[in-house]
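Comments concern the structure below.
Along the sequence shown, residues carry numbers from 1. Just so it is clear, the values below take in all heavy atoms, side chains as well, and ignore hydrogens, waters and symmetry mates. Note that ligands are numbered from 1 as they come in the structure, with each ligand's atoms numbered from 1 the same way. Predicted model only: the values in this text are computed from it and were never measured.
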Amino acid sequence: MPLVTPFQTSFGTETRRDVLLLRVVTPEAEGWGECVAMSAPLYSAEYVDGAADVLRRFLIPALPAHADAHAVGRALRPFKGHRMAKTALEAAVLDAGLRAAGLSLGSFLGASADRVSAGVSIGIVDSIPELLDVVAGYLEEGYVRIKLKIKPGWDVAPVRAVRERFGLDVPLQVDANAAYTLADAGHLARLDEFGLLLIEQPLADDDIVQHARLATRLTTPICLDESIESAEHAAAAISLGACSVVNIKPGRVGGYLEARRIHDLCRAHGVAAWCGGMLETGIGRAANVALAALPGFSLPGDLSGSRRYFTTDITPPFELRDGHLTVPTGPGIGVEPIPEILDEVTTAIEWIPL
Ligand code: SMG
Ligand code: MG
C-alpha cells in the first residue's frame, strides 16, 4: 500500500507498506491481526517476508486447537524473538475469540476512555520551510502533539524552528531511532532549552545502561522504544533510570497482552506511557486505539487518522474528531477490511489449515 507521503527516519525512507495480515477462521468467528514488520530489517531485526516464513513454518503449526490469546502466548514462548509475527497471530486469535464472545477489545483490555488523543509523527524532510508547512498542516487538522524524527544533522535546527514558529505550548517530542551514541550527550543537551515532552530512543537498541548515563546529562525526559521488547526489559530500564517514559508498541513486545503488562508496570511505577505506531492500516490501528484507551496511557500516542498514511485504507478510515480518534465499540477490534478494497491491494493469499 503506497504511503501518501514518504516517511524518512534516521534509518531509511518508507514509501509503501508491504502489509502482512492474518485472518484466523474458527467455527464461531473470524479474526484479523496485522503484522507491523516493515519490508527490510532496519527498525528492528524483523521484516515482513521473514515474519511470513516464521509464521508458516513454526508459529502457526505450534498453535493448540481452540487456543485463546493466553494459550497462543504459551504456545509461542519457546520460539525466540519474532515478536511482530507473534503479535499478529495473537491479535487475530484474540479478535476471533472476542467476536465469538461479543466483547470489544477495549473492554477486554480494560479501556477507560471512549476516545484517545491523536499525535502525529513527522518524518525528516528536505528543508526547514517544508517542515514548518507540514507541521502547520497537521496542527490545523487538530493533532494535539507533534513528534519530529531526528538524526545527526537534523535535530537542534528543526526543533528550534518549530518552537520559534508555533510557540512553546505545542506538545512536541523527538524520535532519533537509535541514531546517536553517548558521545553525543553534549549535543543532545542542546535540545533541553526547547521544553520537549521527551526524546525517544536516542541511543542504540541494546544500550539500556548507556541511556541511564545519558539521562543524568539531559533534562529532556528519555523515552525508550526499540530497547523495550518485553515487560522484563521495561522493568530493567525503569529500575536503572534509563527512561522515564515508555513507548508501548504491541508488535515490538510480542502482543497486546504483553503490551498491557508493560502498561500495568509503568502505571504502578508512575512512569508515563503512550502507544506507538508502525504505519498501521485500520486493522492494527483499531487494536492500538483500544489499547491506548487504558488509563495508564498518559501521553498522546502515534495514532493518526488513516489519511495521514493512506489515500484508501482497507477498513473504513479512522478520522480525527477534535484531535481524537474514537475507540471502536463493536466486538473484537470492531473493524474489518472492506472486501473490494482488500482485494485490490492483495498480492498473495495463503491458507494454512490446522
Ligand atoms: O504509525 O504514525 C505512525 C508512525 C509512528 O514514528 C512512528 N514510528 O520509531 O516510533 C517509531 C516509528 C517506527 C516506524 S518507522 C518506519
Ligand atoms: Mg520510535
Review point. Considering distance alone, does some N or O of Phe7 sit under 3.5 Å from an N or O of ligand 1?
Key: no

Review point. What residue and heavy atom of the protein are closest to atom 8 (N) of ligand 1, and at what distance?
Key: Gly277 O, 3.0 Å

Point to revise | Polar side chain donor-acceptor pair, Tyr309 to Arg285, under 3.5 angstrom | key: yes

Practice item. Just need the protein heavy atom nearest to atom 1 (O) of ligand 1, so name the residue and atom and give the distance. Key: Leu279 N, 2.8 Å

Exercise for review: Check step by step if side-chain contact (heavy atoms from CB on, under 4.5 Å) holds for Leu3 and Leu279.
Suggested key: CA-CA 9 Å; Leu3 294 173; Leu279 311 170; 4.2 Å; yes

Point to revise | Sidechain N-carboxylate O distance under 4.0 Å for Arg23, Glu30 | key: yes

Practice item. Please confirm whether Lys147 comes within less than 3.5 Å of ligand 1 when only nitrogen or oxygen atoms on both sides are compared. Key: yes

Review point. Honestly, is Arg308 close enough over Phe318, meaning NZ or CZ under 6.0 Å from the six-membered ring centre and within 45° of the axis?
Key: no

Review point. Is there at least one pair of N or O atoms, one from Met278 and one from ligand 1, spaced under 3.5 Å apart?
Key: yes

Exercise for review: If you have a sec, work out which protein heavy atom is nearest atom 6 (O) of ligand 1 and how many Å separate them, to one decimal?
Suggested key: Ser121 OG, 2.7 Å

Review point. For Arg165, does the CZ atom have more than 12 heavy-atom neighbours from other residues, nucleotides or ligands under 6.0 Å away?
Key: yes

Exercise for review: Could you list which atoms of ligand 1 come closer than 4.0 Å to a heavy atom of Lys249?
Suggested key: 9 (O), 10 (O), 11 (C), 12 (C), 13 (C)

Practice item. Would you mind running through ligand 1 and noting each atom that sits below 4.0 Å from a heavy atom of Asp175? Key: 9 (O), 10 (O), 11 (C)

Review point. Within the structure, does Ser304 bring an N/O atom to less than 3.5 angstrom of an N/O atom in ligand 1?
Key: no

**Study point:** Numbered atoms of ligand 1 (with element) below 4.0 Å of Asp225, judged on heavy atoms
**Key:** 9 (O), 10 (O), 11 (C)

**Study point:** N/O/S atom of Asp302 inside 2.8 Å of the Mg ion (ligand 2), strictly under
**Key:** no

Exercise for review: Would you kindly check if the NZ (Lys) or CZ (Arg) of Arg145 is within the cone defined by 45 degrees around the ring axis of Trp274 and under 6.0 Å from the six-membered ring centre?
Suggested key: yes

Check your understanding: Hey, does Met38 come in under 3.5 Å of ligand 1, counting only N/O atoms on both sides?
Key -> no

Exercise for review: Within a distance under 4.0 Å of any heavy atom of Asn177, pick out the atoms of ligand 1 and give their elements.
Suggested key: 9 (O), 11 (C)

**Study point:** Value rounded to 0.5 Å, distance of OG in Ser39 from CG in Asp49
**Key:** 7.5 Å

Review point. Among the N, O or S atoms that Glu200 has, which is closest to the Mg ion (ligand 2)?
Key: OE2

Review point. Is the NE2 atom of His66 crowded by more than 12 outside heavy atoms at less than 6.0 Å?
Key: no

Practice item. Could you tell me whether some N/O pair between Glu14 and ligand 1 is separated by less than 3.5 angstrom? Key: no

Point to revise | Polar contact flag for Thr9 and ligand 1 (N/O pairs, less than 3.5 Å) | key: no

Review point. In terms of heavy-atom contacts, does CZ of Phe194 have more than 12 from other residues, nucleotides or ligands at under 6.0 Å?
Key: yes

Point to revise | Lys/Arg-Asp/Glu bridge criterion (N-O < 4.0 Å) met for Glu46, Arg83 | key: no

Review point. In terms of atom number and element, which parts of ligand 1 are under 4.0 angstrom from non-hydrogen atoms of Glu200?
Key: 10 (O)

Practice item. Considering the heavy atoms of Tyr309, write down every atom of ligand 1 situated less than 4.0 Å from one of them. Key: 1 (O), 2 (O), 3 (C)

Check your understanding: Out of Lys149, Arg308, Gln8, whose heavy atom sits nearest atom 11 (C) of ligand 1?
Key -> Lys149

Revision key, fill the gap. Row for the Mg ion (ligand 2): angle OD2 (Asp175) to OD2 (Asp225), 10° precision, value 180°

Check your understanding: Relative to each other, are the rings of His263 and Phe297 parallel, tilted or perpendicular (30° and 60° limits)?
Key -> parallel

Check your understanding: More than 12 non-hydrogen atoms from neighbouring residues, nucleotides or ligands closer than 6.0 Å to CZ on Arg163, yes or no?
Key -> yes

